[in-house]
Amino acid sequence: MGLTLMWLSLMILIPLAGLFVKTAELSLDQFIDIITSRRTLHALKISFGLSLAAAVVNLFAGLIIVWALVRYRFPGRRIFDAIVDIPFALPTAVAGIALTSLFAQKGWLGAPLAELGIKVAFTPLGIFLAMIFIGIPFVVRTVQPVLIDLDAELEEAAACLGASRWQTLTRVIIPSLTPAILTGFALAFARAVGEYGSVIFIAGNLPNVSEIAPLLIVIRLSEFRYADATAIAVIMLIVSFLIIFLLNRLQNWAQARALTAG
Amino acid sequence: MTIEVRNIIKRFGSFTALDNVDLRVDTGELVALLGPSGSGKTTLLRIIAGLDWPDSGSVAFDGEDALSRGAGERHVGFVFQHYALFRHMSVFENVAFGLRVQPRRVRKSEDQIRARVKELLDLVQLDWLADRYPNQLSGGQRQRIALARALAIEPRILLLDEPFGALDAKVRKELRKWLRTLHEEIHVTSLFVTHDQEEALEVANRVVVMDKGRIEQIGTPGDVYERPASAFVHSFIGESIVLPVEVREGRVRLGDRELALDSSDARPGPSKLFIRRHDLAIGPAGSGALEGAVKHVRSFGPTQRADVLLNAGGEGTLIEIDAPRDRELKPGDLVGLQPRRYRIFAETA
Amino acid sequence: MTVVTTTPIPRFEVAARQTAKSRRDVRSEPWLVRWLIIGFAVTFLTVFVVLPLMLVFSEAFAKGIGYYLQTLSDPEALAAIRLTLLTAAISVGLNLVFGVIAAWAIAKFEFRGKTFLVTLIDLPFSVSPVISGLVFVLLFGAQGFFGPWLASHGIQILFAVPAIVLATTFVTFPFVARELIPLMQEQGAQEEEAAISLGASGWQTFWRVTLPNIKWGLLYGVLLCNARAMGEFGAVSVVSGHIRGETNTMPLLVEILYNEYQMVAAFAIASLLAFLALVTLVVKTILESQIKEGRPPSDD
């Protein structure tokens with residue numbers, strides 16, 4: 001026990017404490033100056049805004065994918081089910097260069113898109129797509145088991161009571177999946193906010209255009225502006241903590257509801 | 001509303017769940033589908049509800065084809081074995097669900113919905129639970145809410161799948177009585193599935209006994225108990241003493257012993273003799289069609305129970321009989337046993 | 001003259017044309033909707049997952065297998081592979097030992113601050129890898145807390161292998177413990193109590209009862225931990241210093257080569273990592289079925 005706590009402290013607590021101690025060396029004014037500078041604000045806006053948008057896309061896309069994987073039988077279903085985990089298992093740098101080459105102007109998908117006048121690589125759109133890529137397993141894997149376990153009788157009851165299939169979906173199935181959907185959404189969002197490797201290659205990294213917050217931290221570090229880097233990190237951490245907190249609340253709420261005995 | 005089921009056949013792969021089933025339920029009846037698991041009773045119920053479709057045959061409500069309609073269009077109230085309450089909705093919203101999903105042009109106003117739900121919750125005596133969630137209710141309460149929800153759409157037929165299956169014994173007894181009373185009050189044609197004979201006999205007006213996808217007998221609780229139509233019904237309902245006998249030239253033989261029993265309506269060949277335990281009169285040796293030696297006596301409650309080794313040649317057959325407490329029985333006694341009532345069914349291959 | 005035929009008003013509003021449509025499972029959707037959903041799922045996964053993966057291998061072998069092998073046997077590539085293997089070995093080893101202990105403490109004992117401990121273990125999952133790297137820079141960097149002391153003693157941690165190992169260990173910390181906690185909680189303490197009551201020592205109980213019960217879960221955790229350790233980019237990138245041939249792990253080398261437009265070389269290294277990911281997924285699928293069945297494989 002003591003060993004566990006010691007190891008945890010060594011590996012996690014001390015490093016994190018260091019972060020906050022470092023921030024405390026800054027005065028409040030300095031801190032505010034750093035995080036409200038145009039470049040920082042823009043990077044935070046890009047990171048959080050695009051992550052949110054990507055998580056929303058993942059929420060809907062994930063739901064449709066889960067539905068297809070769980071409810072239907074089609075050729076290759078098991079393979080598609082297995083590869084949902086690829087974005088999670090593939091090293092981020094590999095994903096980053098692969099996505100970039102795929103959507104580059106001469107890439108497999110970038111070329112046809114360029115014909116349509118859509119530029120993906122080295123724009124915020126590219127960041128957005130990379131964030132969708134890394135987020136999709138989180139939604140699929142949290143919702144999938146819940147949909148599998150969803151009692152068939154619920155849908156039958158709704159049908160017997162005269163509900164259309166759409167009403168059954170929106171009033172019975174989706175509400176039953178909501179806790180899992182929200183958990184998956186939050187996980188996908190948190191991952192996208194902090195993501196670095198998958199995003200920086202395709203981002204183009206133009207300050208005030210397509211620069212994400214984690215990259216700005218790296219840049220500040222390489223400029224030895226540790227205080228700036230730390231301030232941005234602290235803001236990101238606080239938001240991450242809030243997300244974890246909300247997640248736990250969500251899960252408690254879901255558990256309270258889920259106790260209905262069969 | 002009458003239900004008429006004709007020639008229903010339903011297969012799941014190579015398994016025949018329903019094998020040419022015919023059934024007619026009259027308006028206002030409360031009918032039990034009774035059978036062991038795998039007898040096809042739930043499948044029949046689901047076909048009537050529109051949750052499953054037969055491979056062939058017809059289902060008609062009041063003479064109108066029901067199979068051309070989906071589950072939502074049949075106006076059938078279905079109470080699921082595990083209640084299937086919507087756990088994210090309050091009790092009130094669960095009951096109101098069927099009213100809220102109606103097409104806009106026929107949907108009731110919010111006030112009407114409230115009044116109707118209140119009425120239903122009063123009917124099941126749970127109006128004080130309206131704001132609770134399903135997970136805050138006991139099993140019996142959930143069951144009654146599920147019933148109220150099914151009744152909300154003013155169903156023409158009420159179907160219940162093992163309505164008391166998931167409840168403990170005490171609650172089950174209470175709810176049985178309650179369901180009967182409720183049925184007398186609302187009088188909607190009802191059909192419930194059960195594997196519990198006591199439940200079927202106690203609650204239903206008529207009992208449909210099923211086995212292996214076929215209907216074995218349809219009759220009042222008295223009928224199926226007193227006049228079982230088949231060996232299966234006799235052994236499934238009530239406790240029976242079963243003896244392997246042989247019917248030959250109008251006589252009944254148990255082992256090498258000929259029994260003085262009338263076999264005029266029995267077919268020749270290997271058969272089974274069924275006797276209800278309480279239909280066996282005990283007398284001195286030589287007083288009955290059966291004879292045997294008492295091996296062991298146990299007394300409890302108002303009766304005593306004895307193991308009797310029937311004298312039938314060979315090793316004999318051990319049976320368990322009930323005797324009044326005041327009748328003196330001890331191991332070694334020779335007794336004569338006379339069946340007041342019995343049935344002989346030919347052995348089916 | 002017109003003949004007026006009166007048709008009886010149907011009791012239900014449903015017309016006969018719906019017959020075929022309503023004759024179906026109430027839990028299913030119309031044919032068209034079904035195929036639209038499947039089509040969307042397949043297209044989405046193909047664009048976002050299958051194509052990038054195919055691209056990695058296609059680019060890696062763009063100049064033939066000979067060139068591919070030549071790229072991988074470049075001294076710089078070999079150094080990166082060695083460093084990645086070394087880092088993964090140390091990190092996985094540390095997290096294996098402490099993951100088991102932490103999971104054991106959390107699953108089998110009740111104590112104050114347990115929830116806090118669980119949250120702490122989860123933390124590296126929800127922190128940006130860049131921030132994970134940053135904390136080590138703050139600790140060991142020239143301006144960091146221990147930096148000056150380390151410098152005066154001639155110990156190099158940052159921009160050297162120790163920092164890479166530390167950052168990797170930090171990032172992969174949750175995998176083993178996360179996997180084991182629910183498993184051990186589910187199994188409860190009864191078997192251990194039985195073993196102790198039969199006279200086994202604590203150590204014997206652990207080796208003979210606890211460990212066999214969790215071995216598949218443990219392998220699963222180690223597998224994921226290893227995959228992440230070998231593939232970690234953000235955290236390692238911040239602390240490594242990118243010294244070629246010395247502090248470049250495989251993912252870092254991928255970045256450098258890619259930025260130098262050595263596409264084939266970059267994708268060649270990337271293909272190794274992608275292959276690792278695929279193997280991980282396959283083994284993971286096998287392990288999942290083992291955990292589900294709760295018994296060793298049949299050929300065991």
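A, B, ... follow the sequence lines: proteins, then strands. Residue 1 opens every chain. Any value given below was found using the heavy atoms of this structure, including those in side chains, with hydrogens, waters and symmetry copies removed.
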Against chain A, label Gln81(B) side chain, backbone, both or neither, depending on which of its atoms sit under 4.5 Å from a heavy atom there. both

Largest heavy-atom contact set with chain A, pairs under 4.5 Å, which of Ala84(B), Gly98(B), Ala150(B): Ala84(B)

Residues that Phe88(A) engages under ring pair (Phe, Tyr, Trp, His ring centres under 6.0 Å), provided they are two or more places apart: Phe138(A)

Would you find more than 12 non-hydrogen atoms of other residues, nucleotides or ligands less than 6.0 Å from Phe20(A) atom CZ? yes

So for atom CZ, which belongs to Arg78(A), do other residues, nucleotides or ligands contribute more than 12 heavy atoms lying within a distance under 6.0 Å? no

Does atom CZ (Arg107(B)) have a neighbourhood of more than 12 heavy atoms from anything else shown, all under 6.0 Å? yes

Between Glu156(A) and Leu51(B), what is the shortest heavy-atom contact and its length? CB-CD2, 3.7 Å

Chain A contact via Ala146(B) - which portion, at a heavy-atom distance below 4.5 Å: neither

To the nearest 0.5 angstrom, please state how far the CZ atom of Arg100(B) sits from the CG atom of Leu161(A). 13.0 Å

Using heavy-atom distances under 4.5 Å, tell me whether Ala152(A) contacts chain B through its side chain, its backbone, both, or neither. neither

Give me the atom names and distance for the closest heavy-atom approach of Ala157(A) to Arg149(B). CB-NH2, 3.4 Å

Residue Ile79(A) excluded, over 12 heavy atoms near CD1 under 6.0 Å: no

Which heavy atom in Leu154(A) sits nearest to a heavy atom in Leu85(B), and how many Å separate them? CD2-O, 3.3 Å

For Cys160(A) against Phe78(B), the heavy-atom pair lying closest together: SG-CB, 3.8 Å

With sequence neighbours excluded, residues passing salt bridge (charged side-chain N to carboxylate O under 4.0 Å, His left out) with Arg206(B): Glu29(B)

How about NZ on Lys108(B), more than 12 heavy atoms from neighbouring residues, nucleotides or ligands closer than 6.0 Å, or not? yes

Given side chains that start at C-beta, do those of Arg171(A) and Val101(B) come closer than 4.5 Å, heavy atoms only? yes

